[in-house]
Structures are given as C-alpha cells and as structure tokens.
Amino acid sequence: MPTYKKIFENNKEWVASRLATDEEFFEKLAADQTPDYLYIGCSDSRVPATEIMGLEAGEVFVHRNIANMVVNNDMNVMSVILYAVKILHVKHIVVCGHYNCGGVKAAMVPQDMGLLNHWLRNIRDVYRLHEKELDAINDEHARYDRLVELNVYEQCRNVVKLATFQQHYLEHGYPKVHGWAFDLKTGLLRDLNIDFEGMLKDIQKIYNLTNNKG
Ligand code: CO
C-alpha cells in the first residue's frame, strides 16, 4: 500500500517515463483531448478504466459510479454523455460492468441500506425486469454473474433511450454502444456483443426522441 507521500514520487516517475518515450507528451496532452471512447464503469478500485483498456491519458473519457449505472435523472452521467457525444464526438460508448460487483451484490439482498437505497433501487429494477430468468438459475454465483451482465445490457439500453444518443447516431452513424464485463479473476474483458441497433428498433415505439420539436 503506497503511503500518501509515495503518490507524489510515483507521479514524478510517471512524468519521467512518459517524457522518455515522447518529449512532447504533456504539450500534446495540454493542447486538447480527442478521445474515441466514452467509458461508463464501476467505481470499484479494482477496475481501472484506462489501464484495463491499455489506453493512454487522453484516449478515453471516463465516468464511474457504483455498478456502472446510466440513470435518466442523474445529471452527472447525463452531462457526461451529452458532452462526450455532442462536444467530443466519441465514436464508441462503452458500459463496462464487472463480476463480483459489490453494488450488484447489495441489490440482490432485500435490506435497508439507507441513502444507498435510491441508487440500488435502479439495480433492483433490473432484477425485477429479468426475475424469471434469474430465479431459474440455481447456483447463487451464476445468478450473481448473470445479473452483472443483464445490468450492463439494461444500462446500454438506457443509453439508447436518450435523445442525445438517438439524434447523433441517426445523423452521423456513431457513437456505437458496447457492453462489456470485466473478470477480476483473470483480468480479461468480455464483449457481451450487445446489438444496440436492434435495441434502438425495439424501443422506438415508446422512446423515439428523434423528432426534435424544439
Ligand atoms: Co462494481
């Protein structure tokens, strides 16, 4: 465990290592950001976004919260998505869940968690939507893993439901939406191969927000 002081030593080493490979690294970094990816992941300390993707500073716009949720009335994630799509013009939006997610696990247990109830409620709703499938899984760990995946699926659907996404995608053909699951035991990312275009078609009857009247 690094001490507080060690963090600043680490930082100097990081600066030196970046300058060793590219003398202009920080000049470029300071000039602008043009990330192709918006990553929406869990706050869990074991899932460091840029590191697991093998990307560098400047290459991924990151939003993290408990259990990688895309909640419609959360102004934080809504602002991040709007900025990423309309200003940064990201080509991909990734929702990345992870197995052994404490937030998902907490949502599987019906008990009062105080203020957290409000956040967990969104995950409990995913459980309710897929209750039949989940309750048919006898093994508790397998059921937990499946809820992690279904939660990613539903959060991708929540991205697709947004006017911000729909209007930009129909006009430009991007961003594409991806759902991933990170496995802490192997370090491997799994692409859940989410068919976001199919999702978009499915939801249009109720959620088509492309006809801007403003
Ligand atoms: Co988590």
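Counting starts at 1 for both ligands and their atoms, in listed order. Counting begins at 1 with the first residue of the sequence.
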Quiz prompt | Centroid-centroid distance, Phe61 to Tyr83, less than 6.0 Å | solution = yes
Quiz item: Counting only heavy atoms not in Ile66, do more than 12 sit closer than 6.0 Å to its CD1 atom?
Solution: no
Self-check item: Centroid separation Tyr174 to His168 less than 6.0 Å
Solution: yes
Quiz item: Looking at the rings of Phe26 and Trp14, which for Trp means the six-membered one, are their centres under 6.0 Å apart?
Solution: yes
Practice problem: Report the protein N/O/S neighbours of the Co ion (ligand 1) that fall below 2.8 Å; do not count waters. | Solution: Cys42 SG, His98 NE2, Cys101 SG
Self-check item: Of all pairs that satisfy side chain to side chain donor-acceptor pair (under 3.5 Å), the ones with a partner from residues 25-38, not counting sequence neighbours
Solution: Asp22-Lys28
Quiz item: For the side chain to side chain contact (heavy atoms under 4.5 Å, CB included) test, which of Ile40, Asn151, Val77, Asn158 pairs with Met69?
Solution: Asn151
